[in-house]
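Here the structure comes first, spelled out in structure tokens, and everything after it is commentary.
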Amino acid sequence: MTTATAQACANIALVKYWGKRDRALNLPAQGSLSLTLDALRTTTTVRFDESISADSFTLDGEEASTSRLGPWLDIVRERAGISQFAHVESRNDFPTSSGLASSASAYAALAVAATEAAGLSLNRSELSELARRGSGSAARSLFAGFAIWHRGEREDGKDSIAEELVAGTDWPLRMVIAIVGGGKKKSISSRDAMGHCAATSPLYAAWLASVPPDLQAAREAIANRDLAALGAVTQGSAMAMHAAALASRPPVRYWQPATLRCLDIVEALQAAGISAYPTMDAGPHVKVLTSAEDSEAVAAALTELDEVDQVIVSKAGPGARRMPDAQLSDGQSSDGQ
Ligand code: PMV
């Protein structure tokens, strides 16, 4: 049993995941497709320790709840045939409190670090499946660049895993992220919102029906390196997802006035011939898919808005991977226990 450290990048869905076919196993009602982002990284160290009587979790130097992490670690323990609790220490190099999707990078890094620390040797598909159990979108963060997460058909979820389409390193795209909302926590988690939307939104069925053709169009656009086509799908999928959420009863609305201000800017950029295609997740932030060439103009325009707290520009990032072991904050050396 050793300590293991891993790093993973967050990903932003271009064709969204919104709705589950199995809540316990985190199986999606449809597939989804994402871009892994270099600028948003989580680094996590896991150490199983027979001398402790509960899991401990430190996030960005502060003690954090293990209510979600503990049951997920149980899956790893069961698979490895061990019973020790774990020290988990995690750092995000982007603002966690902003509500930017951090669970994807978190569970992808955890999947690599926890399995290695537990002495398991899993392949990428198995790691993707395990990460999915923590957070659906984490299944995609195992992979570099463009990843597709398959809906799968099996009830046990073994075929609901992600795979890499292309790393995208030959295609100079950027994602410009405008963080808005002053760091307020999101009102309703994506998990709860999806369930509520599926149960009450008259647009949910239409949303689900929109996904397979969008996935097909996105795959073709990526194969052809066609940003305009990929951007149109990206924008359309986000709007369809939010339309279904907005039509829930009572509504789920993640957008704030600042979100719309950003969307106005993106529309003006589009009208000026700049490649800029917005997408939003379970929060108020606006992420804009653009070319490397146009990314400065997009970032500059968004930075000018008073309502924008921070702008991050990212290229495509690598898949989750093991890193040299970090020093755990309790001072104990982390090399092999
Ligand atoms: O992985 P979760 O449970 O945080 O859900 C992610 C949901 C969206 O970010 C809105 C869409 C997506 O595909 O990432």
Side-chain angles (χ1 to χ4, degrees), residues 8-37 40 42 68-69 71-72 92 94 96 98-111 128-143 146-151 157 160-162 165 175 177 179 185-198 201 204 207-208 210-212 214-215 218 233-246 248 252-255 259 278-287 289 317 320:
C9 297
N11 70 77
I12 300 296
L14 308 183
V15 178
K16 301 293 182 194
Y17 149 53
W18 191 253
K20 300 182 200 281
R21 63 182 172 92
D22 184 305
R23 197 172 160 119
L25 291 175
N26 253 352
L27 298 179
Q30 290 291 15
S32 57
L33 188 152
S34 62
L35 182 61
T36 297
L37 295 182
L40 308 180
T42 300
R68 201 165 148 195
L69 177 63
W72 183 87
N92 290 327
F94 56 94
T96 313
S98 68
L100 258 190
S102 57
S103 60
S105 50
Y107 278 96
L110 265 166
S128 175
E129 191 194 342
L130 180 62
R132 187 203 77 218
R133 300 287 299 272
S135 170
S137 53
R140 301 183 305 236
S141 272
L142 264 304
F143 301 97
F146 294 101
I148 186 162
W149 172 22
H150 300 287
R151 174 192 188 277
S160 185
I161 51 175
L165 286 174
M175 191 71 85
I177 301 165
I179 297 178
K185 262 196 93 68
K186 63 187 168 198
S187 46
I188 171 165
S189 70
S190 49
R191 186 169 292 217
D192 290 341
M194 285 177 201
H196 174 64
C197 180
S201 175
Y204 181 68
W207 150 252
L208 288 186
S210 77
V211 179
D214 276 355
L215 282 174
V233 177
T234 298
Q235 177 168 329
S237 177
M239 295 300 171
M241 175 205 125
H242 284 275
L246 281 165
S248 305
V252 172
R253 177 176 60 84
Y254 287 111
W255 298 7
T259 312
T279 181
M280 288 79 62
D281 292 285
H285 320 298
V286 177
K287 299 115 185 188
L289 181 69

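Just follow the structure's listing: the first ligand is 1, and inside any ligand the first atom is 1.
- Contact check for Thr42 versus Asn92: side-chain heavy atoms found under the 4.5 Å cut-off.
- No side-chain donor-acceptor contact under 3.5 Å links Trp149 and Ser34.
- For the residues Tyr254, Tyr17, Tyr107, the heavy atom positioned nearest atom 6 (C) of ligand 1 is part of Tyr17.
- Taken from CG in Asn26 to NZ in Lys20, the straight-line distance is 4.0 Å, to the nearest 0.5 Å.
- Using modelled atom types and a 3.5 Å distance limit, the side chains of Ser248 and Ser201 yield no donor-acceptor pair.
- Here's the thing with Ser32: none of its N/O atoms is less than 3.5 angstrom from an N/O atom of ligand 1.
- Taking any N or O of Ser137, backbone or side chain, at least one lies under 3.5 Å from an N or O belonging to ligand 1.
- The shortest N or O to N or O distance between Lys16 and ligand 1 is not below 3.5 Å.
- In the displayed structure, Arg191 atom CZ is contacted under 6.0 Å by more than 12 heavy atoms of other residues, nucleotides or ligands.
- If you number the atoms of ligand 1 from 1 as listed, the ones under 4.0 Å from a heavy atom of Ser103 come out as 4 (O).
- Ligand 1 places these atoms under 4.0 Å from at least one heavy atom of Ala13: 12 (C), 13 (O), 14 (O).
- Residue Lys20 places no N or O, backbone or side chain, under 3.5 Å from any N or O of ligand 1.
- Distances below 4.0 Å separate heavy atoms of Ser190 from the following atoms of ligand 1: 2 (P), 3 (O), 4 (O), 5 (O).
- Every atom of ligand 1 is numbered from 1 in the order shown, and the set under 4.0 Å from a heavy atom of Gly136 is 1 (O).
- Checked by distance only, ligand 1 and Trp18 stay at 3.5 Å or farther apart across all their nitrogen or oxygen atoms.
- If you look at His242 next to ligand 1, there are no close heavy atoms at all, none under 4.0 Å.
- Taking CG of Asp281 as the reference point, atom OG of Ser190 lies at 9.0 Å (rounded to 0.5 Å).
- Of all the heavy atoms of Arg191, none lies under 4.0 Å from any atom of ligand 1, so neither backbone nor side chain is involved.
- Screening Thr36, Leu37, Leu33, Leu142 against Asn11 for a side chain to side chain contact (heavy atoms under 4.5 Å, CB included) leaves a single residue, Thr36.
- When atom types are taken as modelled, the side chain of Gln30 and the backbone of Leu208 share a donor-acceptor pair closer than 3.5 angstrom.
- Here is the list of ligand 1 atoms found below 4.0 Å of a heavy atom in Met194: 5 (O), 7 (C).
- Closest of all the heavy-atom pairs between Met241 and Lys16 is SD-CG, 3.7 Å.
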